[in-house]
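Everything below concerns the one structure shown next.
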Amino acid sequence: MAWFVGGFEVDDIDACRTVLDDLALHGFELITREADEGHIARIEQGLPALAAECTVVLAGKASTVQRLRCRLASLGVPSNRIVARNYWTPDKAGLD
């Protein structure tokens, strides 16, 4: 098992992969953002594998963070293993 797993929702996988490679950051999955947010359901499908032992860090769009946090809670992940920060909503930027 890897000591770290992570993912980013992005618009341009190729450009973002290049940046991650240039920074020697490995172990991240890049997920293409979809206008209808269909990609969020695919992210949720991967959460059960993390529920048993990982600390999960969520950051980004407030509604996405809330949705994923609720899913993790429904999987029995205790709140002390979920770190969450909302950074934006569709009508506001820079919430922090």
What distance separates [X] [atom1] from [Y] [atom2], expressed to the nearest 0.5 Å?
| X | Y | atom1 | atom2 | value |
| --- | --- | --- | --- | --- |
| T18 | L23 | OG1 | CG | 11.0 Å |
| L30 | E9 | CG | CD | 11.5 Å |
| I82 | L68 | CD1 | CG | 10.0 Å |
| I13 | R33 | CD1 | CZ | 11.0 Å |
| L20 | L25 | CG | CG | 5.5 Å |
| K61 | R67 | NZ | CZ | 10.0 Å |

Name of the residue among I43, L58, N86, I40 meeting side chain to side chain contact (heavy atoms under 4.5 Å, CB included) with T64
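So, applying the side chain to side chain contact (heavy atoms under 4.5 Å, CB included) to T64 and each of I43, L58, N86, I40, only I40 qualifies.
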Examine the side chains of S74 and R71 and answer whether a donor and an acceptor come within less than 3.5 Å of each other.
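Present: a donor and an acceptor within the cut-off.
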Residues, nucleotides or ligands: over 12 heavy atoms within 6.0 Å of E34 CD
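Yes, the 6.0 Å shell around CD holds more than 12 heavy atoms from other groups.
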Please tell me whether F28 and V19 are part of a single hydrophobic cluster in this structure, the criterion being side-chain heavy atoms less than 4.5 Å apart.
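F28 clusters together with V19.
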Flag the pair R42 and E29 as a salt bridge only when some basic side-chain nitrogen lies within less than 4.0 angstrom of an acidic carboxylate oxygen.
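Salt bridge between R42 and E29, a charged N being under 4.0 Å from a carboxylate O: no.
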Might you point out which heavy atoms bring [X] and [Y] nearest each other, and give the distance in Å?
| X | Y | value |
| --- | --- | --- |
| I31 | G7 | CD1-CA, 4.4 Å |
| A84 | V65 | CB-CG1, 3.7 Å |
| Y87 | A59 | CE1-CB, 3.7 Å |

Determine whether a donor-acceptor pair (N or O, by modelled atom type, separation under 3.5 Å) exists between the side chain of R81 and the backbone of V56.
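No.
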Are side-chain heavy atoms of D14 and R17 found at a separation under 4.5 Å?
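In short, these two side chains do not touch, never coming nearer than 4.5 Å.
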